[in-house]
Amino acid sequence: MIPPRFEYHAPRTISEAVALLGQLGSEAKLLAGGHSLLPMMKLRFAQPEHLIDINRIPELRGIREEGTTVVIGAMTSENELINSPIVQAKVPVLAEAAQMIADPQVRNRGTIGGDIAHGDPGNDHPALSIAIEASFVLEGPKGRRTVPADGFFLGTYMTLLQEDEVMCEIHVPAFAQGTGWAYEKIKRKTGDWATAGCAVVMRKSGDTVTHVRIALTNVAPAALRVEAAEAALLNQPFNATTVQAAADAATAACDPAEDLRGDIEYKTAMAGEMVKRALTKAWALCS
Ligand SMILES: Cc1cc2nc3c(=O)[nH]c(=O)nc-3n(C[C@H](O)[C@H](O)[C@H](O)COP(=O)(O)OP(=O)(O)OC[C@H]3O[C@@H](n4cnc5c(N)ncnc54)[C@H](O)[C@@H]3O)c2cc1C
């Protein structure tokens with residue numbers, strides 16, 4: 001319950017935050033919504049000597065459209081995502097899935113950037129960001145770089161983010177007309193992390209799948225894109241056989257950790273079930 005002592009910093013610009021990260025080195029941590037970092041500090045799993053609060057940086061906030069790209073500030077809270085008319089219209093899976101994350105109080109603080117940067121395989125945004133083909137704008141001492149979500153998640157709590165970088169924006173291509181989508185999450189109770197989850201984005205032409213992205217939550221050390229499952233459906237007719245083939249490919253890729261949410265066999269089976277449900281829902285939304 002009692003976190004260790006630390007020094008507190010509250011920069012007003014991204015470049016000040018980057019400079020502080022450079023000066024203070026690995027003893028410093030960025031503080032966003034604080035709903036993963038503070039719990040870890042209270043349990044003394046993390047003991048940073050400096051916290052750099054990025055809540056007072058206006059550049060990290062806001063949701064806007066740039067052409068066909070939806071630009072989401074890293075400090076956008078889950079509730080802001082849920083209530084954003086732009087997100088609802090252009091990337092509806094994010095507005096719906098954010099309602100499955102944590103609870104109302106946590107959603108007022110927890111940010112999309114923090115959820116992604118934390119690199120917890122239990123978090124929902126990593127798989128969602130892979131399914132929606134998001135990319136992340138990172139600022140470090142040498143300037144900005146943009147990296148795709150697919151490939152960003154390296155392992156449990158490990159991402160491409162360097163110690164001296166701030167995630168600034170999440171860029172998402174607006175869904176094309178007729179895009180289907182779903183996020184299916186099995187959990188023990190409201191406000192719990194997924195036992196298994198699946199994000200799907202899909203498009204069709206007639207009976208044929210013309211685009212599909214499938215990503216899994218909490219069934220591997222990091223969020224997992226399952227290209228073999230996508231290959232089972234792409235340019236194929238959507239039917240019970242191809243859906244089962246996709247689910248089988250997804251379960252073959254699973255590598256879950258056994259814990260109180262279940263053993264490896266159960267989590268793997270639930271991942272397959274979430275894939276089937278998500279595909280069925282997404283297909284029904286395609287037009
Ligand atoms: C009761 C409870 C239930 C929850 N349930 C879920 C759930 O079901 N699904 C889910 O996905 N999450 C869940 N969470 C996690 C929650 O959404 C967290 O808020 C989220 O994981 C981290 O976001 P944050 O903004 O709070 O980041 P923080 O806790 O402030 O930071 C987390 C980490 O990310 C780094 N970081 C944050 N922002 C940036 C940035 N812009 N650039 C670089 N690094 C950054 C920090 O330095 C830190 O290492 C739950 C949390 C609680 C307390």
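As the structure lists them, so they are numbered: ligands from 1, and atoms in each ligand from 1. Please read these numbers as outputs of a predicted model, since none were measured by experiment.
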What is the nearest protein non-hydrogen atom to [atom], stated with its residue, atom name and distance?
atom: atom 53 (C) of ligand 1; value: H35 O, 3.5 Å
atom: atom 27 (O) of ligand 1; value: G114 CA, 3.6 Å
atom: atom 14 (N) of ligand 1; value: W193 CZ2, 3.3 Å
atom: atom 9 (N) of ligand 1; value: D124 OD2, 2.7 Å
atom: atom 36 (N) of ligand 1; value: A117 CB, 3.7 Å
atom: atom 49 (O) of ligand 1; value: K29 NZ, 3.3 Å
atom: atom 10 (C) of ligand 1; value: D115 OD2, 3.3 Å
atom: atom 31 (O) of ligand 1; value: L37 CB, 4.0 Å

Ligand-side contact atoms (ligand 1) for residue partner [X], heavy atom cut-off under 4.0 Å:
X: L161; value: 43 (C), 44 (N)
X: M167; value: 40 (C), 41 (N), 42 (N), 43 (C)
X: K185; value: 7 (C), 8 (O), 9 (N)
X: T111; value: 23 (O), 24 (P), 25 (O)
X: G191; value: 3 (C), 5 (N)
X: V166; value: 42 (N)
X: D192; value: 8 (O)
X: S36; value: 15 (C), 18 (C), 20 (C), 21 (O), 22 (C), 26 (O), 29 (O)

Roughly how far, to the nearest 0.5 Å, is [atom2] of [Y] from [atom1] of [X]?
X: E184; Y: E273; atom1: CD; atom2: CD; result: 9.0 Å
X: I170; Y: S135; atom1: CD1; atom2: OG; result: 9.5 Å
X: I186; Y: T195; atom1: CD1; atom2: OG1; result: 5.5 Å
X: M100; Y: K185; atom1: CE; atom2: NZ; result: 8.0 Å
X: H211; Y: M202; atom1: NE2; atom2: CE; result: 9.5 Å
X: D103; Y: T190; atom1: CG; atom2: OG1; result: 9.0 Å

Polar contacts were defined as any N/O atom of the residue lying under 3.5 Å from an N/O atom of the ligand; does this apply to [X] and ligand 1?
X: G110; answer: no
X: L31; answer: no
X: N123; answer: yes
X: A32; answer: yes
X: R109; answer: no

- Task: Could you establish whether G34 and ligand 1 come within less than 4.0 Å of each other, counting only heavy atoms on the residue side?
- Result: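 Contact check G34 vs ligand 1: positive.
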
- Task: From atom 33 (C) of ligand 1, work out which of E139, H118, E163, E165 has a heavy atom at the shortest distance.
- Result: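 Of the listed residues, H118 has the closest heavy atom.
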
- Heavy atoms only: which of V106, I14, L38 is nearest to atom 16 (C) of ligand 1?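 Answer by nearest heavy atom: V106.
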
- Message: Just so I know, are the side chains of Y183 and V200 near enough to count as touching, which here means a heavy-atom distance under 4.5 Å?
- Response: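 No, their side chains stay 4.5 Å or more apart.
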
- Q105 vs R107 side-chain heavy atoms within contact, under 4.5 Å: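 No, every pair of side-chain atoms sits at 4.5 Å or beyond.
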
- Should H118 and M40 be marked as a side-chain contact (heavy atoms from CB on, under 4.5 Å) after you check the CA-CA gap, both sets of side-chain angles, and the distance that decides it? CA-CA 11 Å; H118 196 46; M40 286 183 129; 3.7 Å; yes

- Item | For K204, salt bridge (Lys or Arg N to Asp or Glu O under 4.0 Å) partners two or more places apart |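 Here no residue qualifies.
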
Show every donor-acceptor pair shorter than 3.5 Å between a side-chain atom in residues 235-243 and any protein atom, with sequence neighbours excluded, or say none if there are none.
unit_1 : atom_1 : unit_2 : atom_2 : d
N239   : OD1    : T241   : N      : 3.0
N239   : OD1    : T242   : N      : 2.9
N239   : OD1    : T242   : OG1    : 3.2
T242   : OG1    : P237   : O      : 2.9
T242   : OG1    : N239   : N      : 3.0
T242   : OG1    : N239   : O      : 3.1

- Query: Where's the contact between L30 and ligand 1, heavy-atom distance under 4.0 Å: side chain, backbone, both or neither?
  - Reply: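 For L30, backbone and side-chain atoms both sit under 4.0 Å from ligand 1.
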
- Message: Among I14, T76, T111, exactly one meets side-chain contact (heavy atoms from CB on, under 4.5 Å) together with L60. Which residue is that?
- Response: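 So, applying the side-chain contact (heavy atoms from CB on, under 4.5 Å) to L60 and each of I14, T76, T111, only I14 qualifies.
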
- What residue among I57, L138, V137, L21 forms side-chain contact (heavy atoms from CB on, under 4.5 Å) with V166?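 Passing option: L21.
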
- Item | Under 3.5 Å donor-acceptor, N55 side chain and A32 backbone |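 Yes, N55 side chain to A32 backbone: donor-acceptor pair under 3.5 Å.
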
- Task: Using only heavy-atom distances, determine whether the side chains of E78 and H125 contain a donor-acceptor pair under 3.5 Å.
- Result: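 Judged by distance alone, the side chains do pair up.
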
